[in-house]
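Structure first, commentary second.
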Amino acid sequence: MAALVIQPTRTQAQLKLDTREFNPKGEATVVRRNQIIEVTWPAGQQKWGKVQFDMSSSGALLKRISLGNKTEFHTISEDLDPAFLLSVGKRDLLSQNRWNIFFDKVPSRPFNTFPVVLRKSGISVKSTGSRTIVTIGKLTADRFSGALEVTFYNGSPLFNIAAVMTTRTDATAIVYDAGLVSRTQKWNSLAWISTADKMESAPVQYADSAQNLTVKYRTITARSKEGTLAVFPAPHQYFYPLDEAFNLKFVWHGNNYRKMLNGYGIGIRQELQGDRRFVPWFNAPPATPQRLNFYCLISDAGDEAALGAVKKFTNADRYAKLPGFKTMSSHFHNEFIMNVVLAGKPVPEKPEFIEVFKRLGLDMVHLGEFHYTAHPKGPDSLRLRELKALFEQCERLSDNDFLLIPGEEPNEFFGGHWLQIFPKPVYWVMSRDKNVPFAENKPGFGKVYHIGDKNDMLKLLEEEQGLAWTAHPRTKGSVNAPDIYNHEAFFKSDRFMGAAWKAMPADLSQPRLGKRVLDLMDDMNNWGDKKKVIAEADLFTVTQENEMYAHMNVNYLMLDQLPKYSEGWKPVVDAMQRGKFFSTTGEVLMHELKVNGSLSGETVKLNPDGTGDVSLKLSWTFPMNFVEIISGDGEKVYREKIGLTATKAFGEQQFRFHPKLKGRKWVRFEAWDCAANGAFSQTFWLQ
């Protein structure tokens, strides 16, 4: 079958071009020449991009992709068809929490893969802010149907190609492969970056069978005589949640990909079996427009320039420094202590996982060690030995620029799964017999706590000023938490911080990630207990070859200095408990956010007319989509969305909003870009 199989229209003369929503006074232009529709847009650096769409039944859809100065264009690629393969399986909606399920194994049940078929029945071009969106024909693939959307972004040589498709069938889970397939042999070479962070290239051999590649930055390029075309996915949205961040060869190149795409192509792909643990794929609820999409970037300066330009969208997979903030990521089951230190293996001076964290730009990492591998309930001799090894290694591996914070996912006493953090090393055992005191001094360890129930656990958190919070709430092992214990004393305590956010489950129809926990955040706010939500990674193996960045997120804590391990990390715990942080996928940063001069976590007195004066300074890489102001009155949730489609790539702007908040008890803020990357604040409490 052909890539994005083209079905002929009735007659070429009946082609309709709809430009009613296109702004002819904008920066982009649209020209029709018979069956060719040509879109030109400003691509930045005084250059212009141009794409010709061939609406004839026989031609490749993308007749020519060019870059130039409006009078002289270089042909970057030509005669290409977008290609999509849609794999459709069945979602388990019964065994856990319906669409919030993670413990699903979709590829273990019958599924099928279908090529997406395009009928060139019509084309429309519309302007949306600084974007030009071309919508073409009708797409079909099994029970799915929709249209092809190509979005051009003014000010950047970037465009997005999306098969936007819906189904009426319930309990559907999907993944997709995508890319561009060549109808003429004009590409000369391919390039990518290896997981060792080195440029690699290979000549194009049009007869070679398709193969999958392990790459860094999720990108592959094809070079022609006059320029380079890069293909890559949305950096986080494309990667549904897994336990492991294994690099599963997410790009492909070659002829006859999966024996379903006729021709030579390059593109992005999913490993249908995932990490062979729990493999939930993407949710595709009925009537939701699923965006099977990928990005293209064009360059007339060669492979290295094109790959460098793509890397900028994720700051080269590194969390950017932000004055007044320190970065922290949480929830890693690396099991270095049990698998290496106490297993009698050689202990490396610089373990690989530490180098991975540092290269990501993390100032602090909060661990989740001893995840069903150790002796949390004792005997004391084993438990204390394990904790001592953890504390010693965390201290050894911390330095002036990096803090490794010991932590666990205890999963005892409270119900569901939860994490904890103390502001210093604390020895505690998760069991207490009748005659064992709550706390005692033990030679070689100092104060040791024995915890027998939820009351003991709360007392320990209070005495040592620690925090606990629900891990992966409303899914996984916390499928009913924190809802089942939101009335309990430990939950209502200020020592129970709240919950943790991760982009789980995944749904390609959503313009944001992690709706599950963002909805919980609103519910907790309306419960009135002033809870916070911290971002978590919840990953196991940490290696340089892994696709870490796609599965990661980070918290920016309001700290001027990084605490030294030897002095404890109370400022970190205090910032978390007080809500002095924002969380992000990394591409959108909240440099400043104040409501009537107050910071997140604080109580704000509204203006006499019930409004608030919001000052928000954002920076971003991909063009922004929107900011949303979410508030509640203790019962209902209210949403005000401010569109930011006029923004361009790599921007920074100070925004001022004046939302009407009369009668509201709280307000919080989210900001999301066109690739569903985003940031969210902690809550402001309103008087």
Side-chain angles (χ1 to χ4, degrees), residues 85 87-92 95-96 99-111 113 173-178 194-195 211-218 233-252 258 268-284 317 329-336 338-339 352-353 356-357 360 367-369 371-373 409 417 471-472 475-479 500-508 513-514 516 535-553 585:
L85 296 178
S87 296
V88 182
K90 189 170 180 62
R91 166 67 69 239
D92 174 2
S95 67
Q96 263 213 321
W99 294 105
N100 276 342
I101 188 172
F102 172 80
F103 292 144
D104 201 358
K105 298 181 178 181
V106 177
S108 70
R109 299 185 292 273
F111 66 89
T113 300
I174 61 171
V175 289
Y176 71 97
D177 302 348
S194 73
T195 54
Q211 59 179 289
N212 308 325
L213 277 179
T214 303
V215 306
K216 194 170 173 64
Y217 309 113
R218 305 157 295 279
H236 302 280
Q237 183 193 47
Y238 186 62
F239 298 86
Y240 62 85
L242 295 169
D243 282 329
E244 297 282 9
F246 296 148
N247 192 317
L248 301 174
K249 298 185 177 182
F250 294 110
V251 303
W252 62 271
R258 288 185 64 185
I268 60 173
R269 63 176 296 276
Q270 291 283 3
E271 183 60 45
L272 297 181
Q273 300 296 329
D275 61 8
R276 300 184 180 274
R277 290 164 65 95
F278 294 101
V279 187
W281 289 11
F282 292 99
N283 285 340
D317 285 12
S329 194
S330 175
H331 200 157
F332 294 94
H333 302 304
N334 196 44
E335 300 303 337
F336 180 67
M338 297 305 296
N339 293 343
E352 182 180 13
F353 74 97
V356 172
F357 288 144
L360 282 164
L367 295 174
E369 288 285 281
H371 192 53
Y372 304 119
T373 64
E409 187 179 351
H417 286 200
H472 41 73
T475 190
K476 282 190 162 185
S478 300
V479 66
W501 176 92
K502 181 177 179 174
M504 176 171 62
D507 184 333
L508 294 164
L513 302 178
R516 165 186 58 97
E536 66 177 350
D538 194 4
L539 294 172
F540 287 75
T541 314
V542 179
T543 70
Q544 188 59 42
E545 185 172 287
N546 276 7
E547 181 44 78
M548 294 297 298
Y549 185 78
H551 291 277
M552 286 282 290
N553 49 53
T585 55

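For the numbers below, each heavy atom of this structure counts, side chains included, while hydrogens, waters and symmetry mates do not.
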**Message:** Salt bridge check, K476 against D538: does any charged N sit closer than 4.0 Å to a carboxylate O?
**Reply:**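 Here D538 pairs with K476 in a salt bridge, since their nearest N and O are under 4.0 Å apart.
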**Full working for side chain to side chain contact (heavy atoms under 4.5 Å, CB included) between V479 and F103** = CA-CA 10 Å; V479 66; F103 292 144; over 6 Å; no
Using side-chain heavy atoms (C-beta onward) and a distance below 4.5 Å, is [X] in contact with [Y]?
X: R218; Y: F239; result: yes
X: D104; Y: F278; result: no
X: L508; Y: Q237; result: yes
X: I268; Y: F250; result: no
X: Q544; Y: K216; result: yes
X: R516; Y: K502; result: yes
X: F282; Y: V175; result: yes
X: H236; Y: N553; result: no

For [X] and [Y], indicate whether the former's side chain and the latter's backbone hold a donor-acceptor pair under 3.5 Å.
X: R91; Y: I174; value: no
X: D275; Y: A245; value: no
X: W281; Y: L272; value: yes

Indicate the atoms forming the closest heavy-atom contact of [X] with [Y], along with that distance.
X: L513; Y: A503; answer: CB-CB, 3.8 Å
X: E547; Y: D317; answer: OE2-OD2, 4.5 Å
X: P241; Y: A506; answer: CD-CB, 3.9 Å
X: T195; Y: N247; answer: CG2-ND2, 3.8 Å
X: Y549; Y: P235; answer: CE2-CB, 4.5 Å
X: G368; Y: H333; answer: O-ND1, 2.6 Å

**Asked** Taking only residues two or more places apart in sequence or in another chain, which ones pass ring pair (Phe, Tyr, Trp, His ring centres under 6.0 Å) with W99?
**Response**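 Partners of W99 by the ring pair (Phe, Tyr, Trp, His ring centres under 6.0 Å) criterion come out as none, since no residue qualifies.
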**Request:** Could you list the residues that satisfy ring pair (Phe, Tyr, Trp, His ring centres under 6.0 Å) with H417, not counting sequence neighbours?
**Result:**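 With neighbours one apart ignored, the set is H472.
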To the closest 0.5 Å, what do you measure between [atom1] ([X]) and [atom2] ([Y])?
X: T541; Y: M548; atom1: OG1; atom2: CE; result: 9.0 Å
X: D507; Y: Y240; atom1: CG; atom2: OH; result: 15.0 Å
X: N334; Y: N339; atom1: CG; atom2: CG; result: 8.0 Å
X: L367; Y: H331; atom1: CG; atom2: NE2; result: 11.0 Å
X: L539; Y: D243; atom1: CG; atom2: CG; result: 8.5 Å
X: R276; Y: S108; atom1: CZ; atom2: OG; result: 12.0 Å

**Message:** Please determine whether side chain to side chain contact (heavy atoms under 4.5 Å, CB included) holds for the pair N546 and F246, giving the CA-CA distance in whole Å, both sets of side-chain angles, and the decisive distance to 0.1 Å.
**Reply:** CA-CA 5 Å; N546 276 7; F246 296 148; 3.8 Å; yes
**Candidate pair L213 and K249, rule side chain to side chain contact (heavy atoms under 4.5 Å, CB included), full reasoning** = CA-CA 5 Å; L213 277 179; K249 298 185 177 182; 5.7 Å; no
**Prompt:** So, Y176 versus Y238, ring centres under 6.0 angstrom or not?
**Reply:** yes
**Message:** Is the distance between the ring centroids of F332 and F357 under 6.0 Å?
**Reply:**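 Yes - the distance between ring centres of F357 and F332 falls below the 6.0 Å cut-off.
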**Asked** Could you walk me through whether T113 and R258 pass the side chain to side chain donor-acceptor pair (under 3.5 Å) check?
**Response** CA-CA 10 Å; T113 300; R258 288 185 64 185; 3.0 Å; yes
**Prompt:** Yes or no on side chain to side chain contact (heavy atoms under 4.5 Å, CB included) for Q270 and D177, after CA distance, side-chain angles and deciding distance?
**Reply:** CA-CA 6 Å; Q270 291 283 3; D177 302 348; 4.1 Å; yes
